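Reading through the structure tokens given below for one structure.
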Amino acid sequence: MTDSTEKPRGVDFVREIVNEHNASGRFGGKVLTRFPPEPNGYLHIGHAKSICLNFGIAKDYGGKCNLRMDDTNPTKEEVEYVESIKNDVRWLGFQWDGMYYASDYFDQLYAWALELIKKGKAYVCDLTGDQIREYRGTLTQPGKNSPYRDRSVEENLALIERMRQGEFPDGSRTLRAKIDMASPNVNLRDPVLYRILHAEHHNTGNKWCIYAMYDWAHGQSDSIERITHSICTLEFENHRPLYEWFIDQLGIHKPQQIEFARLNLTYTVMSKRKLLELVRDKHVAGWDDPRMPTIAGLRRRGYTPESIRNFCAEIGVSKTDSVIGMNVLENAVREDLNKRAPRVMAVLKPIKVVLTNYPAGQVEELDAVNNPEDPSAGSRKVPFSRELYIEQDDFREVPPKKYYRLAPGQEVRLRWAFFIKCHEVIKDPATGEITELHCTYDPETRGGNAPDGRKVQGTIHWVSAAQAQRAEVRLYDHLCKVPDPDDVPQGVDWKTNLNPESLVTVKDALVEPSLTKAATGDRFQFERVGYFCVDTDSQPGALVFNRIVSLKDTWAKIEKKA
RNA sequence: UGGGGAAUGGUGUAACGGUAGCACGGAGCGCUCUGGACGCUUUAGUCUAGGUUCGAAUCCUAGUUCCCCAGCCA
């Protein structure tokens with residue numbers, strides 16, 4: 001119809017294609033997508049991009065989205081992975097319509113293979129792996145036909161059945177499509193459909209000893225589910241003619257495959273092979289190690305599903321190979337947590353402060369706002385006393401220019417408390433190390449404001465010595481020390497680019513007492529420091545926090561420039 | 001050297017023959033009981049060369065550069 005003259009603007013190219021289909025009636029206005037992972041590892045942030053795209057499109061168009069395990073290789077797949085995948089998809093905030101397995105379709109796939117044989121379009125090949133490679137030719141030279149290419153239909157039928165029955169050892173024969181050994185597209189040079197694999201499958205057990213190749217399973221699985229838009233990554237663009245060839249031969253529903261560029265992030269790796277390597281060789285504590293770009297890792301780190309979804313929306317979808325800066329992801333979680341995370345005071349590297357004019361033994365409760373961005377978050381009480389701890393970084397005996405924090409003779413505000421001024425620096429006579437700061441407080445400034453209207457430049461965070469709780473804080477940084485860890489000279493292991501300081505553990509940070517009630521998964525902003533999340537290792541009385549991301553640090557930037 | 005793709009500020013991404021915009025980053029300013037947040041200003045781009053057109057990021061031609069493909073992996 002022509003009643004809609006306004007063009008959809010600002011939508012990604014995939015949605016543009018869907019719009020065209022809806023306009024032309026190609027799929028009768030239906031939209032059915034799917035997210036098809038192989039359960040051979042944990043999902044990562046790159047999968048999140050695909051999940052948001054597939055589920056997002058289904059939602060935008062009132063369609064549906066299936067979750068399907070592409071489980072055609074029993075030697076690499078495990079139920080642990082399928083469970084983790086389902087869990088991660090749900091956690092990201094999506095609910096699939098159909099839950100399927102490519103292995104659900106093994107019978108149908110086998111029937112279709114027989115059909116292809118009967119049409120003279122597939123044959124059993126006795127070539128070894130090496131021979132198949134030789135016969136395939138190269139990118140610039142055509143391949144040559146297998147000597148087994150012209151077996152009779154009857155012989156092929158008999159042989160595939162014997163393969164299925166388990167009469168032949170692994171690798172001894174394959175079923176191949178008969179297409180064109182001279183095709184400039186190598187995927188069409190008689191691709192293997194089935195290989196012999198005497199392996200137990202997580203879903204079908206020992207029913208099969210021949211397994212469909214991905215190329216033989218994927219397109220037809222989409223077809224069976226009547227997927228309309230089969231969205232995948234760029235490297236499958238070369239396979240599309242093959243999938244369409246299968247579907248044309250079989251005369252079944254043909255989805256539209258659309259390829260987009262996979263996500264790459266700086267300072268990390270995204271290949272499942274490399275992530276598995278990190279886990280297996282214990283470079284990290286597991287798939288959910290907070291340094292991992294896995295969904296499980298990001299979750300444990302403290303990322304919110306919203307922040308990941310916002311990130312995916314922010315980066316867009318296109319066909320251009322690209323690398324997104326890690327700072328974009330970090331920015332997404334800061335933006336989300338700024339609105340929601342309660343503020344709290346924690347001192348990571350403490351130095352003691354004694355208020356010489358504050359009565360010994362006295363403790364008072366001060367009101368602290370929980371979240372200046374969210375009035376409904378209310379306020380809490382924090383104890384204040386003669387002995388406190390502040391951050392080592394917040395004191396300089398010889399302050400540089402523009403240093404607004406505590407220094408001899410310089411007045412600062414203690415957040416939600418009083419103005420203090422430093423009078424004496426106590427040092428260890430042996431080492432010269434600063435052990436204590438003697439300060440005075442101004443009782444008139446209770447709550448943080450001076451009745452005489454006097455201003456201070458700096459406000460610093462603190463905890464009261466007697467009431468503070470000890471906590472372990474794990475400071476996470478980039479997994480890799482360079483933006484592109486895959487960029488290594490020939491023969492050099494990419495793992496030489498792992499960041500040795502990706503985890504720095506602070507054993508004895510001091511946190512305000514309200515945090516004793518913090519539960520696993522709770523997120524906070526440690527004021528002026530960063531966003532933190534209670535780790536799964538945390539116990540009552542033995543708190544463990546993960547740094548999700550630091551706050552932007554303007555002072556660090558100024559000081560770096562000086 | 002075969003085939004398939006992609007090229008817009010530093011990084012991503014819009015514009016669908018008619019003002020090159022947005023986000024992140026960078027620089028600067030304002031505000032602030034977080035050197036946070038927020039607000040404002042600013043920086044910087046159509047791969048190259050021709051052509052069509054009143055007008056081109058967009059259409060045409062020819063180049064250049066980058067990515068993917070030679071698993072019985074997905």
Side-chain angles (χ1 to χ4, degrees), chain A residues 7 9-12 16 36-38 40 70-73 75-77 125 127-129 132-134 136-143 170-176 182-189 191-197 210-211 213-215 217-218 232-241 259 261 266 272-273 314-325 327-328 330-332 334-335 338-339 343 345 368-369 372-373 402-405 413-417 419 445 447-449 455-461 525-530 550-559:
Chain A
K7 289 172 182 142
R9 296 163 80 87
V11 300
D12 60 67
E16 250 173 56
E38 183 194 13
N40 68 340
D70 268 344
D71 53 354
T72 52
N73 186 350
T75 66
K76 292 187 176 170
E77 295 147 9
C125 183
L127 256 25
T128 65
I132 287 183
R133 195 179 320 121
E134 278 173 42
R136 187 152 34 220
T138 69
L139 294 179
T140 51
Q141 294 166 307
D170 287 3
S172 60
R173 278 176 232 261
T174 56
L175 181 74
R176 300 175 67 181
S183 173
N185 181 343
V186 186
N187 294 122
L188 298 178
R189 319 242 263 231
V192 172
L193 269 35
Y194 279 95
R195 73 285 216 189
I196 301 172
L197 235 41
I210 59 171
Y211 288 94
M213 295 290 290
Y214 174 84
D215 278 350
H218 187 80
C232 63
T233 44
L234 254 24
E235 67 269 27
F236 293 105
E237 210 151 17
N238 293 327
H239 297 241
R240 178 157 29 95
E259 308 87 6
T266 56
K272 277 197 194 173
R273 201 204 92 227
E314 184 63 41
I315 59 176
V317 182
S318 74
K319 297 192 71 150
T320 313
D321 287 300
S322 61
V323 186
I324 308 287
N327 66 302
V328 179
E330 293 170 346
N331 185 263
R334 274 195 201 102
E335 199 173 88
N338 177 49
K339 290 177 295 193
R343 273 85 229 232
M345 291 195 284
V369 171
E373 304 290 320
K402 299 276 217 162
Y403 187 81
Y404 300 154
R405 285 113 94 143
R413 169 167 40 232
L414 295 177
R415 182 76 156 153
W416 310 123
F419 289 8
T445 57
N449 290 300
K455 300 287 183 194
V456 289
Q457 284 272 41
T459 300
I460 64 175
H461 59 280
Q525 185 196 98
F526 290 180
E527 291 216 47
R528 303 205 310 132
V529 180
S550 61
L551 246 31
K552 285 187 195 160
D553 191 346
T554 307
W555 167 244
K557 210 187 287 180
I558 294 169
E559 206 179 21

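Letters A, B, ... are given to chains in the order of the sequence lines, protein chains preceding strands, and every chain is numbered from 1. Worth knowing before you read on, the calculation uses all heavy atoms, side chains too, and leaves out hydrogens, waters and symmetry mates. Source: prediction; values computed, not measured.
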Supply the atom-to-atom distance Ser183(A) OG to Arg189(A) CZ, rounded to the nearest 0.5 angstrom.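 Ser183(A) OG to Arg189(A) CZ: 6.5 Å, rounded to 0.5 Å.
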
Atom pair CG/CE of Leu414(A) and Met345(A) - distance to nearest 0.5 Å: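 Going from the CG atom of Leu414(A) to the CE atom of Met345(A) covers 8.0 Å.
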
Please state whether the phosphate of [N], meaning OP1 or OP2, lies under 4.0 angstrom from any side-chain nitrogen or oxygen of [X].
| X | N | value |
| --- | --- | --- |
| Arg405(A) | rG35(B) | no |
| Thr72(A) | rA74(B) | yes |
| Lys552(A) | rG35(B) | no |
| Arg133(A) | rC72(B) | no |
| Lys557(A) | rG26(B) | yes |
| Ser318(A) | rU13(B) | yes |
| Thr554(A) | rG36(B) | yes |
| Arg415(A) | rU32(B) | no |
| Arg528(A) | rU32(B) | no |

Select from His239(A) and Val186(A) the residue whose nearest nucleotide in RNA chain B is closer to the 5' end of that strand.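 So the residue in question is Val186(A).
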
Closest-nucleotide 5' rank along RNA chain B - winner of Ala417(A) and Ile132(A):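 By nearest-heavy-atom nucleotide position, the 5'-most residue is Ala417(A).
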
Do [X] side-chain atoms and [Y] backbone N/O form a donor-acceptor pair below 3.5 Å?
| X | Y | answer |
| --- | --- | --- |
| Arg413(A) | Lys455(A) | no |
| Lys76(A) | Glu38(A) | no |
| Asn185(A) | Asn238(A) | yes |
| Glu77(A) | Asn73(A) | yes |

Using a heavy-atom cut-off of under 4.0 Å over every strand shown, decide if [X] touches base, sugar-phosphate, or nothing.
| X | answer |
| --- | --- |
| Val317(A) | sugar-phosphate |
| Leu139(A) | base |
| Lys339(A) | nothing |

Quiz question: going by heavy-atom distance under 3.5 Å, is there a donor-acceptor pair between the base of [N] and the side chain of [X]?
| X | N | result |
| --- | --- | --- |
| Gln525(A) | rU34(B) | yes |
| Asn185(A) | rG4(B) | no |
| Arg334(A) | rG36(B) | no |
| Glu259(A) | rG4(B) | no |

Nearest-neighbour nucleotide for the [X] side chain, [options] considered:
| X | options | answer |
| --- | --- | --- |
| Pro372(A) | rU34(B), rA70(B), rG3(B) | rU34(B) |
| Lys319(A) | rG5(B), rG36(B), rC69(B) | rG5(B) |
| Glu237(A) | rU8(B), rA74(B), rG5(B) | rG5(B) |
| Thr140(A) | rU1(B), rG4(B), rU13(B) | rU1(B) |
| Glu16(A) | rA15(B), rG35(B), rG3(B) | rA15(B) |
| Asn73(A) | rA14(B), rU34(B), rA74(B) | rA74(B) |
| Arg343(A) | rG36(B), rA14(B), rU8(B) | rG36(B) |
| Val328(A) | rG35(B), rC24(B), rA74(B) | rC24(B) |
| Asn327(A) | rG25(B), rG4(B), rA70(B) | rG25(B) |
| Asn338(A) | rA37(B), rA74(B), rG35(B) | rA37(B) |

Check whether any side-chain heavy atom of [X] sits under 4.5 Å from a side-chain heavy atom of [Y], and report yes or no.
| X | Y | result |
| --- | --- | --- |
| Trp555(A) | Arg405(A) | yes |
| Arg176(A) | Val192(A) | yes |
| Glu237(A) | Cys232(A) | no |
| Ile460(A) | Arg528(A) | yes |

To the nearest Å, how far apart are [X] [atom1] and [N] [atom2]?
| X | N | atom1 | atom2 | answer |
| --- | --- | --- | --- | --- |
| Glu314(A) | rC24(B) | CD | C1' | 7 Å |
| Glu134(A) | rC72(B) | CD | P | 13 Å |
| Ile315(A) | rG12(B) | CD1 | P | 11 Å |
| Lys402(A) | rC29(B) | NZ | P | 7 Å |

Euclidean distance for [atom1], [N] against [M] (whole angstrom):
| N | M | atom1 | result |
| --- | --- | --- | --- |
| rA20(B) | rU32(B) | P | 39 Å |
| rA56(B) | rG50(B) | C1' | 14 Å |
| rU8(B) | rU46(B) | C1' | 4 Å |
| rA14(B) | rC59(B) | P | 15 Å |
| rA15(B) | rA49(B) | P | 25 Å |
| rG4(B) | rU61(B) | P | 15 Å |
| rC22(B) | rU42(B) | P | 11 Å |
| rG21(B) | rG45(B) | C1' | 12 Å |

Quick one: side-chain hydrogen bond (donor to acceptor under 3.5 Å, both in side chains) partners of Glu314(A), sequence neighbours excluded?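 Glu314(A) satisfies side-chain hydrogen bond (donor to acceptor under 3.5 Å, both in side chains) with no other residue.
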
Starting at the 5' end of RNA chain B, what dot-bracket string do you get if Watson-Crick and G-U pairs under 3.5 Å are bracketed, crossing pairs use [ ], other-strand pairs use | and unpaired bases use dots? .((((((..((((....[..))))((((((.......))))))...(((((..]....))))))))))).....

Could you classify rG30(B) for me, syn or anti, using a glycosidic angle within 90° of 0 as syn?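 Because its glycosidic torsion lies more than 90° from 0, rG30(B) adopts the anti conformation.
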
